[in-house]
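Inspection log for the structure reproduced underneath, given as C-alpha cells.
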Amino acid sequence: MAGSRLEKVGTIFTRATGLMQAKAVTWEDRPVWYDVYAAFPPKEEPRFDRPAPDMKIKQIFYEDDKIRAIFHRNNKQIGTGNLLSSHPSLTQRFIETYKKVSQQYKGEADEKQIYVEAIDVLNRERSNREEAVATEEVSLSLAFKKAQSKQEKTGLSIKDIFKD
Amino acid sequence: MFLRHLSIKFLSPISRRLSDSAVVLEAKTGTYANAFKKFEDLNKPTSEESEPFVSLLKNSKFIDLGDPEGKVVTGKIFHTVDDDLYIDFGWKFHCVCPRPIKNASNYVRGTKVRLRIKELELSTKFLGFEKDLTLLEADCQLLGLVQERSK
Amino acid sequence: MLKIKNILTLTEKCAPTIRLLSSAVPQPSESTTQIETAQIPSDLQQEVLKHPDYFQVHNLFTVKDLFDARIHYGHKEGSLDPKMLPYIYGSRLGHTIFDLDKTAEYLRRALNVAAHIAYRDGVILFLLRGAQNSHLVERYAKECGEFAHTRFWRGGIFTNSEKQFGAVTRLPDLCIFVNTLNTVLTQHTAVRDAAKMGIATIGIVDSNCNPNLLTYLVPGNDDSPVAVEMYCKLFKEAILRGKAKRKEHLEI
C-alpha cells in the first residue's frame with residue numbers, strides 16, 4: 001500500500017487526501033481515522049511547521065495576595081497547610097475576616113488597624129470554638145440521651161420504608 | 001417500576017406456596033433494592049453545575065500558599081526504598097526525603113508527615129540548553145509525623 | 001493490503017524484547033482467520049458521524065474532576081515551550097498553570113475521536129515513558145481491550161515493522177500518548193514516526209512539550225500519578241462506549 005512518510009509536509013490528513021486523489025490509495029482502503037478526522041477536525045492543524053504564537057505569559061496575582069503577604073510577613077508560623085483538603089486554611093479565613101473588617105471601616109482605617117482587628121477576631125473565634133468543643137465532650141452522654149428520645153418521638157419505622 | 005412492585009407482591013404469596021427459597025430471596029432483595037434506589041439520590045449533590053476554573057483556582061490551596069518557600073504542609077508517604085521516603089503532598093510532583101533517625105520505624109507507606117517546602121520543582125538551566133532541565137521532584141525538609149488530634 | 005493476520009503471534013514474537021500487551025482476546029484464532037471483519041452499514045456510520053457527541057463523552061468528567069486530579073499544574077516557566085503558550089492560563093510565581101476550560105474542550109474532542117475510532121474497530125495503542133506510571137497504563141489498556149507500549153522504544157517499530165516483527169503487521173490506527181517526552185526529556189520517537197506512517201495521534205502535552213506533530217492534543221499535567229490515572233480512566237471509558245455501540249450496531 002502506498003504511503004507518504006513526509007511528516008514535515010502538511011498534515012496526515014492532507015497527505016492521505018493527496019494519495020487518494022492520485023489514486024494510489026482507493027476509497028475503501030482509506031485509514032480508519034479519515035472519516036473521523038473529516039467530521040471532527042482538530043482545532044489547530046497538526047503541521048510540523050506551525051509557528052509559536054506571539055503572546056506573553058500572564059502572571060497570576062490576585063487582590064487577596066496583598067492581604068496574604070501582610071499576614072505571612074507578620075506571622076512566620078501559620079501552622080500546617082494541607083493542599084488536599086477543602087477545609088478553609090488559616091490564611092483563607094484571615095483574608096475573609098480582613099475583608100469584612102475593612103468593609104466595616106469603609107476604607108477609612110489604616111492598614112495596621114484593620115490587621116490588628118482581624119487578628120483579634122480570629123483569636124476570638126478560635127477561643128469560642130475551643131470552648132464549644134470542650135462543652136461538647138462533657139455532655140456526650142446527655143446528647144446521646146437526647147438523640148434517643150428524639151428518635152422515639154418521630155415514630156419512623158423501618159418497616160414502612162420498605163413497604164413502599 | 002410500579003408494575004414491577006405489583007408483580008413482586010403477587011410473587012411472594014405464590015413463592016411461599018411453592019417454597020422455592022431462591023425466588024423468595026429474589027423477591028425480598030427486589031423490594032430492598034427498590035427502597036435503596038428511592039433514597040440513594042437524597043445525598044447525591046447535583047453535579048450538573050460545576051464551578052468555573054477561574055474561581056476554582058482562586059480558592060485553591062495552591063494559590064493560598066502564596067510564596068511556597070518555607071511553608072509547612074502535610075504529606076503522605078506512598079513508597080519507601082530502604083532509607084528514602086517518597087512523599088506526596090498534593091502538588092504536581094512528590095518529594096523524596098531521607099528517613100529520620102528518630103522514630104525511624106514509624107515511617108511506613110501511608111504515614112502522614114509534616115514537610116517544609118524548600119522548592120516546588122528542582123529545575124535549572126544548564127549550560128548550552130535553551131530550556132532548563134527538570135528533575136521531576138520537589139525539594140522538602142521532613143519535619144516529623146503529624147500529631148493525631150484526639151477528638 | 002496489510003490486513004491483520006495474527007495479533008497473537010505478533011505478541012509472542014516480540015514478548016522477550018518488547019511488551020506489546022495484547023487485548024484480552026478470548027478466542028484469537030476465530031477473530032483472525034477471517035480477512036473481512038463484519039461491517040456496519042455505511043449509512044449508519046454516516047449517521048453516527050453526524051452527531052456532535054454520539055457517545056456522550058461530554059459528561060464523562062467535569063472541570064472540578066480535572067482540578068482535583070491536578071491536571072492544571074504545569075512545569076516552571078524556564079522549561080516552557082513557547083508553542084504551548086495559548087493553553088497556559090498564567091504563571092504563579094514561576095509555575096505555569098493550564099487553563100482547564102481549554103483543556104476540557106480539547107479533552108472532550110480527543111475522547112470523542114477515540115470513541116469513534118473504537119466504534120470503527122480501530123487498533124489503539126497507549127504510549128507512556130516513565131517507570132512510575134507504566135504499570136497503571138498497561139493495566140487500563142488491558143481493561144479496555146487495547147494495546148500499550150510503555151517500555152524502551154526501538155527505532156524501527158513503525159517505520160520498519162515487517163523486519164522488526166518478522167511478519168506482516170497492521171499498524172495501530174490511533175496512538176494515545178499519555179506523555180510525549182521520554183525519560184531523557186526529548187520527544188518520544190513514536191510521535192514523529194506516527195506522523196510519518198499516517199497514524200492519528202492523541203497526546204497529553206505538558207508545558208515543556210512540543211505539540212506540533214500531534215493530531216489531537218490535550219494540554220495538561222502528565223507527571224502526577226493522579227493525573228495519569230484520570231486520563232487512563234477517561235480514555236478507557238470512551239473506548240468501551242465506542243466498542244459497546246459497535247457491538248450493538250453489528251447485532252442489528
Side-chain angles (χ1 to χ4, degrees), chain A residues 1-20 22 24-62 64-65 68-69 72 82-86, chain C residues 1-2 45-46 48-53 68 70 77 80-86 88-97 102 105-106 109-110 112-117 119-123 159 172-174 191-202 210-217:
Chain A
M1 187 151 80
S4 163
R5 296 194 178 194
L6 306 165
E7 85 269 15
K8 296 189 184 170
V9 174
T11 69
I12 47 173
F13 187 72
T14 56
R15 272 178 278 138
T17 321
L19 283 170
M20 279 196 265
V25 175
T26 59
W27 179 251
E28 285 77 30
D29 284 336
R30 68 189 187 283
V32 173
W33 48 263
Y34 192 83
D35 292 338
V36 185
Y37 190 112
F40 307 106
K43 236 182 158 192
E44 289 92 10
E45 268 200 21
R47 298 179 61 90
F48 177 78
D49 47 7
R50 194 156 45 102
D54 187 18
M55 37 191 296
K56 283 208 168 45
I57 197 167
K58 180 178 87 169
Q59 296 293 327
I60 302 177
F61 284 119
Y62 298 102
D64 298 353
D65 283 334
R68 209 170 274 137
H72 289 167
N82 188 349
L83 282 172
L84 296 169
S85 84
S86 50
Chain C
M1 263 56 109
L2 293 175
Q45 280 191 19
Q46 291 303 316
V48 169
L49 275 181
K50 285 207 185 100
H51 198 288
D53 190 6
D68 290 334
R70 313 180 208 166
E77 261 185 58
L80 178 67
D81 187 320
K83 298 187 201 82
M84 290 302 294
L85 273 173
I88 307 281
Y89 177 71
S91 149
R92 173 74 172 173
L93 297 171
H95 295 95
T96 50
I97 304 283
K102 291 202 181 124
E105 198 194 321
Y106 281 94
R109 218 181 273 254
N112 190 25
V113 166
H116 274 283
I117 291 188
Y119 173 73
R120 287 157 174 269
D121 201 27
V123 173
T159 45
D173 304 300
L174 175 70
V191 176
R192 190 206 62 185
D193 283 352
K196 267 190 193 289
M197 304 308 289
I199 299 172
T201 44
I202 292 177
N210 177 359
N212 274 3
L213 279 177
L214 293 161
T215 324
Y216 296 92
L217 55 106

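All values below come from the heavy atoms of this structure, side chains included, with hydrogens, waters and symmetry mates left out. So you know, we letter chains A, B, ... as the sequences are listed, proteins then strands, and number each from 1.
Both the backbone and the side chain of C:Arg92 come within contact range of chain A, each with at least one heavy atom under 4.5 Å from a heavy atom of that chain. The part of C:His51 that comes within reach of chain A is its backbone (N, CA, C, O), which places non-hydrogen atoms under 4.5 angstrom from that chain. Both the backbone and the side chain of A:Phe61 come within contact range of chain C, judged by heavy atoms closer than 4.5 Å. Within the 4.5 angstrom heavy-atom criterion, no atom of C:Leu174 approaches chain A.
Between the side chain of A:Arg5 and the main chain of C:Lys196, no donor-acceptor pair closer than 3.5 Å is present. Looking only at distances, no side-chain donor or acceptor of A:Trp33 sits under 3.5 Å from a matching main-chain atom of C:Thr201.
Put simply, the residue from C:Gln45, C:His116, C:Arg120 that forms a side chain to side chain donor-acceptor pair (under 3.5 Å) with A:Asp35 is C:Arg120.
The OH atom of A:Tyr37 sits 7.0 Å away from the OG1 atom of C:Thr215 when rounded to the nearest 0.5 Å. The CG atom of C:Leu213 sits 9.5 Å away from atom CZ of A:Arg50, with the distance rounded to the nearest 0.5 Å. Atom CD of A:Glu44 sits about 9.5 Å away from atom CG of C:Asn212, to the nearest 0.5 Å.
For A:Asp54, the CG atom is loosely surrounded, since the number of other residues' heavy atoms within 6.0 Å does not exceed 12. Open room surrounds CZ on A:Phe48; 12 or fewer heavy atoms of other groups in view lie less than 6.0 Å from it.
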